[in-house]
Amino acid sequence: MSVRVRIAPSPTGNLHIGTARTAIFNWLFARRHGGKFILRIEDTDVERSRVEYTENIQSGLTWLGINWDEGPFFQSQRLDLYRAAIQKLLAQGLAYRCYCTPEELEQMRDGQKASNQAPRYDNRHRNLTREQQEAFAAAGRQPVIRLKIDELREIVWQDLVRGEVTWKGSDLGGDMVIARTPEKEGEEFGQPLYNLAVVVDDLDMAITHVIRGEDHIANTAKQILLYEGLGAKIPEFAHTPLILNQAGRKLSKRDGVTSIDDFKQMGFVPEAMANYMALLGWTQPDSTQEIFSLAEAAANFSLERVNKAGAKFDISKLDWINSQYLHQMPAEKLVDLLIPYWEEAGYHSDDRLWLIQLTQLIAPSLTRLQDAGPESRLLFGESVTYSEEARDLLKQEGVQEMMQGVREAIAAWPNLTETEAKKIIDQITKTQKVKKGLVMRSLRAGLMGELHGPDLIQSWLLLNQKGLDLIRLQQALTL
RNA sequence: GCCCCCAUCGUCUAGUGGCCUAGGACACAUCCCUUUCACGGAUGCGACGGGGAUUCGACUUCCCCUGGGGGUACCA
């Protein structure tokens with residue numbers, strides 16, 4: 001049977017990094033086995049679901065390079081399916097109506113907690129007579145639907161990353177709610193609940209492997225019971241470790257930057273993001289290989305090599321991976337990614353060739369795309385702000401003569417090349433009888449206003465193309 | 001509280017009984033390269049949570065403890 005997996009996010013927020021990583025694992029698994037990867041939007045929580053989040057999830061996945069073969073499917077459009085399943089369960093006597101009010105349930109749990117017992121539903125309405133049910137209904141109460149859970153049952157499954165996992169029926173918290181109270185008059189029951197909808201959908205979509213975060217591990221036991229109730233074949237399960245924050249807790253929205261959007265805006269490229277997320281909890285058969293594309297990962301992916309323990313999110317490693325991608329990216333491609341950041345910083349040029357050269361110059365010093373602004377600052381604009389150290393150097397004995405000499409030499413060469421630039425520096429070195437290093441440093445100070453920065457010759461050539469070198473040296477001479 | 005899961009350098013990890021004097025990567029430090037800053041290269045720093053058991057031999061198997069995490073909804 002061919003592999004079918006899915007990612008089933010709920011649109012209650014922007015695409016979260018944890019969801020994205022689960023999506024990547026699923027996608028990798030599907031690609032590895034020549035299967036299908038399906039996108040399903042779990043929007044049964046009408047209160048919290050929003051369309052813009054649905055869009056954000058899709059654009060985020062696409063940005064990362066995760067494409068889906070089927071979907072997106074929306075649970076909100078599949079309510080009939082769930083309704084039928086609930087009815088079937090009801091008809092078979094596997095589920096029943098519970099008329100408890102939220103207040104009653106709360107009171108019950110409080111009592112349990114007070115006597116140090118695990119809070120759970122005590123199945124009090126499991127065996128209500130027809131008369132009792134009618135009495136509740138007559139009193140205006142609306143029922144939820146609960147699935148009967150056999151307290152004596154042992155639920156066991158072979159988890160593809162964790163091995164055998166066992167759960168007792170009695171630890172499931174009592175008969176579980178599978179449908180809310182009806183919202184409209186005359187309805188038999190209301191919206192289906194997560195566990196029910198998931199099972200019905202996974203069944204309907206013929207999902208073979210459920211790969212999801214470890215936080216779903218307790219749901220698996222409940223869902224297995226649902227599969228059985230519906231007389232269906234149970235899929236394979238694989239529970240992946242969670243992505244943790246610095247404190248070692250499950251990464252949540254409250255931890256600040258956790259949505260894919262955030263990382264995109266911070267200047268991370270999708271290839272690096274995907275690479276890092278895949279690396280977080282999974283290793284190549286050759287574990288020393290850390291920089292790889294999704295396609296390369298797909299060729300080698302296996303759940304066996306997924307780690308069991310949670311992994312702390314480490315931004316500095318992400319930074320390093322991102323820098324690797326930025327450094328090896330062709331300038332012709334990188335320049336397009338950089339332009340928006342230059343524009344944002346207020347640096348503009350229509351000269352694409354010049355921008356490509358600039359890109360080549362600063363690429364090695366980029367960690368994130370947003371570094372392009374600060375790293376290029378000295379190359380844009382006519383006037384220069386001289387740093388303290390640069391001023392001091394420029395005021396040193398003989399330095400003004402050097403600058404003057406360079407100015408004159410520049411004027412003699414209409415289109416400066418690297419060879420010529422070097423020749424000019426050598427010439428000044430000779431005529432002024434100083435060390436070459438001093439000429440270089442002084443020239444940097446005069447041209448850039450600072451003592452540190454990208455390669456001097458290349459920077460100079462870029463300025464020269466715009467005639468900025470003459471203007472700046474002029475300014476340096478007035479200090 | 002109860003249930004489940006997990007446990008190797010600060011972080012991500014390799015390791016499936018002897019190949020381990022525990023390997024790699026990030027971070028950090030030093031050095032080299034270099035006009036500077038980066039990049040790149042080299043070196044260093046640095047871990048098997050504790051206790052039992054099995055075994056000729058445990059990072060690797062089992063048990064207990066400890067620690068951490070997840071779950072415990074008419075959320076997903």
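The figures here come from the full heavy-atom set of this structure, side chains too, leaving out hydrogens, waters and symmetry mates. In what follows, chains are A, B, ... by sequence order, proteins preceding strands, each numbered from 1.
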May I ask you to evaluate whether [X] reaches the phosphate of [N], defined as a side-chain N or O under 4.0 Å from OP1 or OP2?
{"X": "A:Arg305", "N": "B:G15", "value": "yes"}
{"X": "A:Ser287", "N": "B:G23", "value": "no"}
{"X": "A:Arg120", "N": "B:G71", "value": "no"}
{"X": "A:Gln458", "N": "B:U34", "value": "no"}
{"X": "A:Arg162", "N": "B:G70", "value": "no"}

Partner lookup for [N], please. Criteria are Watson-Crick or G-U wobble with both distances under 3.5 angstrom; report none if nothing qualifies.
{"N": "B:C26", "result": "B:G10"}
{"N": "B:C48", "result": "none"}
{"N": "B:G40", "result": "B:C32"}
{"N": "B:C2", "result": "B:G71"}
{"N": "B:C59", "result": "none"}

* Asked: Do the ring planes of A:Phe301 and A:Phe25 sit parallel (below 30°), tilted (30 to 60°) or perpendicular (above 60°)?
  ->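 Tilted, since the angle between the ring planes falls between 30° and 60°.
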* To do: May I ask you to decide if the ring planes of A:Trp167 and A:Trp157 are parallel, tilted or perpendicular, using 30° and 60° as cut-offs?
  => parallel
Nearest-angstrom distance from the residue atom [atom1] of [X] to [atom2] of [N]:
{"X": "A:Leu451", "N": "B:U34", "atom1": "CG", "atom2": "P", "value": "19 Å"}
{"X": "A:Met403", "N": "B:U35", "atom1": "CE", "atom2": "C1'", "value": "12 Å"}
{"X": "A:Lys317", "N": "B:A25", "atom1": "NZ", "atom2": "C1'", "value": "4 Å"}
{"X": "A:Met440", "N": "B:C37", "atom1": "CE", "atom2": "P", "value": "13 Å"}
{"X": "A:Met176", "N": "B:C75", "atom1": "CE", "atom2": "C1'", "value": "13 Å"}
{"X": "A:Arg377", "N": "B:A38", "atom1": "CZ", "atom2": "P", "value": "15 Å"}
{"X": "A:Phe189", "N": "B:C74", "atom1": "CZ", "atom2": "C1'", "value": "14 Å"}
{"X": "A:Arg146", "N": "B:A73", "atom1": "CZ", "atom2": "C1'", "value": "10 Å"}

Which whole number of Å gives the distance between the [atom1] atom of [N] and that of [M]?
{"N": "B:G44", "M": "B:C4", "atom1": "C1'", "result": "43 Å"}
{"N": "B:C12", "M": "B:G69", "atom1": "P", "result": "14 Å"}
{"N": "B:G46", "M": "B:G67", "atom1": "P", "result": "28 Å"}
{"N": "B:A38", "M": "B:C20", "atom1": "C1'", "result": "37 Å"}
{"N": "B:G57", "M": "B:C45", "atom1": "P", "result": "32 Å"}
{"N": "B:G15", "M": "B:C9", "atom1": "P", "result": "16 Å"}
{"N": "B:A14", "M": "B:A47", "atom1": "C1'", "result": "13 Å"}
{"N": "B:G10", "M": "B:G50", "atom1": "P", "result": "13 Å"}

* **Check: A:Asn245 and A:Phe313 side chains under 4.5 Å, non-hydrogen atoms** => no
Looking at the base of [N], is there any donor atom on it, or on the side chain of [X], that sits under 3.5 Å from an acceptor on the other one?
{"X": "A:Lys308", "N": "B:A7", "answer": "no"}
{"X": "A:Arg48", "N": "B:C75", "answer": "yes"}
{"X": "A:Asn195", "N": "B:A76", "answer": "no"}
{"X": "A:Ser316", "N": "B:C26", "answer": "no"}
{"X": "A:Glu290", "N": "B:G24", "answer": "yes"}

* To do: Run the ring-centre check on A:His125 versus A:Phe136 and record whether the distance is less than 6.0 Å.
  =>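 For A:His125 and A:Phe136, the ring centres are under 6.0 Å apart.
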* Contact class for A:Thr166 vs. all strands (heavy atom < 4.0 Å): base, sugar-phosphate, or nothing? -> sugar-phosphate
* To do: With heavy atoms under 4.0 Å as the rule, sort A:Ala218 into base, sugar-phosphate or nothing.
  => sugar-phosphate
* To do: Taking atom CD of A:Gln107 as the centre, report whether more than 12 heavy atoms of other residues, nucleotides or ligands fall under 6.0 Å from it.
  => no
* Do A:Asp201 and A:Tyr82 get their side chains close enough for a donor-acceptor pair, meaning under 3.5 Å? ->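 Note: A:Asp201 and A:Tyr82 side chains meet the donor-acceptor criterion.
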* **Expected output: side-chain A:Arg368 to main-chain A:Phe268 donor-acceptor under 3.5 Å** => no
